[in-house]
Amino acid sequence: MGNEDIIKEMNEAVNNFDDELCKELAGKSIELGMDPIMVLEDGFAGALREIGESFGKGEIFITELIAAAQAVEAGAEVLNIEITRLGASRETIGKVLIGTVEGDIHNIGKNIVSTMLNAAGFEIIDLGVDVPTHVFVDKVKEHKPNLLGLSSLLTTTMGKQKEIIDALKENGLRDSLKIIVGGAPVSDEWAREIGADGYAFDASSAVKISLELMGRK
Ligand code: B12
């Protein structure tokens with residue numbers, strides 16, 4: 001089976017909500033020496049975004065969206081191990097605290113960003129999903145990260161990113177770290193408006209901007 005065929009099969013497996021096949025194909029792509037980051041993006045994330053669009057247009061049900069997300073998670077888990085393995089020997093660049101804001105339970109994109117930052121040499125402290133603002137503040141105090149990553153996939157929860165930055169300011173913590181924001185509705189313009197240091201459209205650019213903010217490259 002050629003590399004392109006595998007990607008196509010992955011797209012189909014996501015569309016058929018086939019967790020086992022997603023896992024199997026992810027394993028096969030690793031055996032073939034394909035770039036796990038490319039596979040994650042083209043094989044799985046792209047297919048899920050398309051399904052999200054159909055959901056947005058009311059063409060499919062939420063149950064189908066959940067099933068597709070689970071299939072992607074199954075495949076991503078296998079690829080994440082390989083991405084981490086490939087980046088394992090790098091030096092530590094800094095500590096990243098990351099989480100999805102309160103009211104939002106989307107975590108697939110955040111997990112990919114975490115995995116890739118980890119592979120690039122960052123230590124990751126992942127607070128999970130639906131994280132209240134005060135928890136972000138407490139954890140910044142506790143862990144003193146170099147970088148804070150805030151994920152929001154919903155327009156209704158984007159405002160929490162601003163709330164967190166404001167709360168850090170009030171607690172005198174804002175200048176102790178760099179802040180990056182991301183998620184489907186988030187933009188460069190929004191990042192600037194709320195006083196974040198950076199925005200990234202996907203995990204590769206999240207790594208790029210994080211390295212830049214740490215004074216690397
Ligand atoms: C999968 C999915 C779900 C899954 C989530 C499963 C999970 N474990 O995460 C489930 C089914 C649970 C779900 C639920 C809901 N969802 Co939903 N979901 C999606 C979907 C299809 C894909 C998201 C995803 O995983 N994409 C793949 C990953 C790889 O991409 P990503 O998340 O964008 O992440 C990348 C970048 O954004 C960036 N990034 C992400 N985070 C961060 C953080 C930092 C710091 C940085 C730098 C970068 C970064 O890098 C990532 C990697 O490339 C999107 C559609 C879309 N276009 O985003 C809708 C979508 C986000 N969901 C939507 C909605 C409405 C909902 C629900 C309200 C539905 C409902 N009626 O109940 C609930 C909300 C639940 C809640 N309270 O959070 C809407 C949001 C509309 C809006 N503008 O607000 C969308 C856009 C679908 C749509 N078109 O209507 N959803």
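Counting convention: from 1, in listed order, for ligands and their atoms alike.
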Open item on the list: Is there a path of hydrophobic side-chain contacts, each under 4.5 Å between heavy atoms of I/L/V/M/F/W/Y residues, joining Leu154 to Val129?
Closed with: no

- [ ] Evaluate the criterion side-chain hydrogen bond (donor to acceptor under 3.5 Å, both in side chains) for residue pair Gln161 and Ser152; output intermediate values, then yes/no.
- [x] CA-CA 8 Å; Gln161 294 180 332; Ser152 172; 4.8 Å; no

Open item on the list: For atom 9 (O) of ligand 1, what's the nearest protein heavy-atom neighbour? Residue, atom name and distance, please.
Closed with: Asn107 N, 2.7 Å

TODO: Measure the distances from the heavy atoms of Gln70 to every atom of ligand 1 and state whether one is below 4.0 angstrom.
DONE: no

Open item on the list: On a heavy-atom basis, I'd like to know which of Ile112, Thr63, Thr157 is closest to atom 29 (C) of ligand 1.
Closed with: Ile112

Task: Closest protein heavy atom (residue, atom, distance) for atom 39 (N) of ligand 1 - done: Gly183 N, 3.6 Å

TODO: Could you name all protein N, O or S atoms found under 2.8 Å from atom 17 (Co) of ligand 1?
DONE: His106 NE2

Task: Minimal non-hydrogen separation, Ile112 against Ala203, with atom names - done: CG2-CB, 3.7 Å

- [ ] Please indicate, with yes or no, if any protein heavy atom is found under 4.0 Å from atom 49 (C) of ligand 1?
- [x] yes

Open item on the list: Can you tell me which portion of Phe201 lies within the under-4.0 Å heavy-atom range of ligand 1? Options are side chain, backbone, both, or neither.
Closed with: backbone

Task: Check: Thr100 side chain, Ile105 main-chain N or O, donor-acceptor pair, under 3.5 Å - done: no

- [ ] Number the atoms of ligand 1 from 1 as they appear, then name those within less than 4.0 Å of a heavy atom of Ser151, with their elements.
- [x] 40 (C), 41 (N), 42 (C), 43 (C)

Task: Test: Lys208 and Glu212 ion pair at under 4.0 Å - done: yes

Open item on the list: Looking at ligand 1, is there an atom of it that comes within less than 4.0 Å of some heavy atom belonging to Ile51?
Closed with: no

Open item on the list: I'd like to know if Glu189 pairs up with Arg192 as an ion pair, taking the criterion as any Lys NZ or Arg NE/NH1/NH2 lying under 4.0 Å from an Asp or Glu carboxylate oxygen.
Closed with: no

TODO: Considering heavy atoms of the protein only, find what lies nearest to atom 34 (O) of ligand 1 and give residue, atom and distance to 0.1 Å.
DONE: Gly109 CA, 3.2 Å

Task: Minimum heavy-atom distance between Gly128 and Asp126, given as atom pair plus value - done: N-OD1, 2.8 Å

Open item on the list: Applying a strict under-4.5 Å side-chain criterion to I, L, V, M, F, W and Y, I'd like to know whether Ile60 and Ile62 cluster together.
Closed with: yes

TODO: Considering the heavy atoms of Leu150, write down every atom of ligand 1 situated less than 4.0 Å from one of them.
DONE: 43 (C), 45 (C)

Task: Within-cut-off N or O pair, Ile105 and ligand 1, under 3.5 Å - done: yes

Task: Smallest separation among heavy atoms of Phe17 and Ala68, with atom names - done: CD2-N, 3.6 Å

Open item on the list: Determine whether Ser205 and Asp202 satisfy the following criterion, side-chain hydrogen bond (donor to acceptor under 3.5 Å, both in side chains), listing intermediate values before the conclusion.
Closed with: CA-CA 6 Å; Ser205 43; Asp202 62 13; 2.7 Å; yes

TODO: Do me a favour and list the nearest non-hydrogen protein atom to atom 69 (C) of ligand 1 with residue, atom name and distance?
DONE: Ile62 CD1, 3.7 Å

- [ ] Output, in order, the C-alpha distance, side-chain angles, deciding distance and verdict of salt bridge (charged side-chain N to carboxylate O under 4.0 Å, His left out) for Lys169 and Asp175.
- [x] CA-CA 8 Å; Lys169 278 184 195 158; Asp175 297 333; over 6 Å; no

Open item on the list: Please check whether Asp202 reaches ligand 1 - meaning an N/O of the residue sits under 3.5 Å from an N/O of the ligand, judged on distance alone.
Closed with: no

TODO: State, to 0.1 Å, how close Phe136 and Leu150 come at their nearest heavy-atom pair, and which atoms those are.
DONE: CE2-CD2, 3.5 Å

Open item on the list: If you compare all heavy atoms of Ser210 against all heavy atoms of Leu117, which two are closest, and at what distance to 0.1 Å?
Closed with: OG-CD2, 3.4 Å

- [ ] Give yes or no for whether the N/O distance cutoff of 3.5 Å, strictly under, is met between Glu53 and ligand 1.
- [x] no

Open item on the list: Going by a strict under-4.0 Å cutoff (protein heavy atoms only), does atom 19 (C) of ligand 1 have a neighbour on the protein?
Closed with: yes

Task: ILVMFWY cluster, Val181 and Ile108 together (side-chain gap under 4.5 Å) - done: no

Which pairs of donor and acceptor atoms, one on a side chain in residues 39-57, lie under 3.5 Å apart (sequence neighbours left out)?
residue : atom : partner : partner atom : Å
Glu41   : OE2  : Arg49   : NH1          : 2.8
Ser54   : OG   : Glu50   : O            : 3.3

Task: Side-chain donor/acceptor of Lys95 to backbone N/O of Leu147, under 3.5 Å - done: no

Task: Leu48, Val101, Thr115: member with heavy atom nearest to atom 22 (C) of ligand 1 - done: Leu48

Open item on the list: I need the atoms of ligand 1 closer than 4.0 Å to a non-hydrogen atom of Ile66, numbered in the order shown.
Closed with: 11 (C)

- [ ] Using distance alone, decide if ligand 1 has a nitrogen or oxygen within less than 3.5 Å of any nitrogen or oxygen in Ala203.
- [x] yes

- [ ] Examine the proximity of ligand 1 to Val113 and report which part, side chain or backbone, both or neither, has a heavy atom under 4.0 Å away.
- [x] side chain

Open item on the list: Starting from atom 56 (C) of ligand 1, what is the nearest protein heavy atom, named by residue and atom, and what distance separates them?
Closed with: Ala184 CB, 4.3 Å

Task: Per-atom contacts of ligand 1 with Ala200, taking only distances under 4.0 Å to non-hydrogen atoms - done: 47 (C), 48 (C)

- [ ] Provide the number and element of each atom of ligand 1 under 4.0 Å from a heavy atom of Gly149.
- [x] 45 (C)

- [ ] Tell me which part of Val72 gets within contact of ligand 1: side chain, backbone, both or neither, using heavy atoms under 4.0 Å.
- [x] neither

Task: Taking atom 83 (N) of ligand 1 as the reference point, the nearest protein heavy atom with its distance - done: Thr155 OG1, 3.3 Å

Task: Ionic contact status for Lys162 with Asp166, cut-off 4.0 Å - done: yes

Task: For Ala45, the ligand 1 atoms whose distance to one of its heavy atoms is below 4.0 Å - done: 29 (C)

- [ ] Report yes or no: do Leu25 and Ile7 belong to one cluster of Ile/Leu/Val/Met/Phe/Trp/Tyr joined by side chain heavy-atom distances under 4.5 Å?
- [x] yes

TODO: Kindly state if atom 15 (C) of ligand 1 has a protein heavy atom within a strict 4.0 Å cut-off, that is, under 4.0 Å?
DONE: yes

Open item on the list: Counting non-hydrogen protein atoms only, what is the nearest one to atom 30 (O) of ligand 1? Give residue, atom name and distance.
Closed with: Arg49 NH2, 3.5 Å

Task: Nitrogen or oxygen of Gly103 less than 3.5 angstrom from that of ligand 1 - done: yes

Open item on the list: Between Asp197 and Arg174, does the salt bridge (charged side-chain N to carboxylate O under 4.0 Å, His left out) criterion hold? Intermediate values first, please.
Closed with: CA-CA 11 Å; Asp197 298 297; Arg174 172 64 185 95; 2.8 Å; yes

TODO: Inspect the contact between Lys28 and Asp5 and indicate whether a charged nitrogen and a carboxylate oxygen are less than 4.0 angstrom apart.
DONE: no

Open item on the list: Is it the case that the side chains of Thr133 and Glu163 hold a donor-acceptor pair, with the cut-off being a distance below 3.5 Å and no angle test?
Closed with: yes

Task: Numbered atoms and elements of ligand 1 in range of Asp104, under 4.0 angstrom, heavy atoms - done: 78 (O)

Task: Protein non-hydrogen atom below 4.0 angstrom of atom 52 (C) of ligand 1 present - done: yes

Task: Protein residue, atom and distance nearest to atom 46 (C) of ligand 1, heavy-atom basis - done: Gly182 CA, 3.6 Å

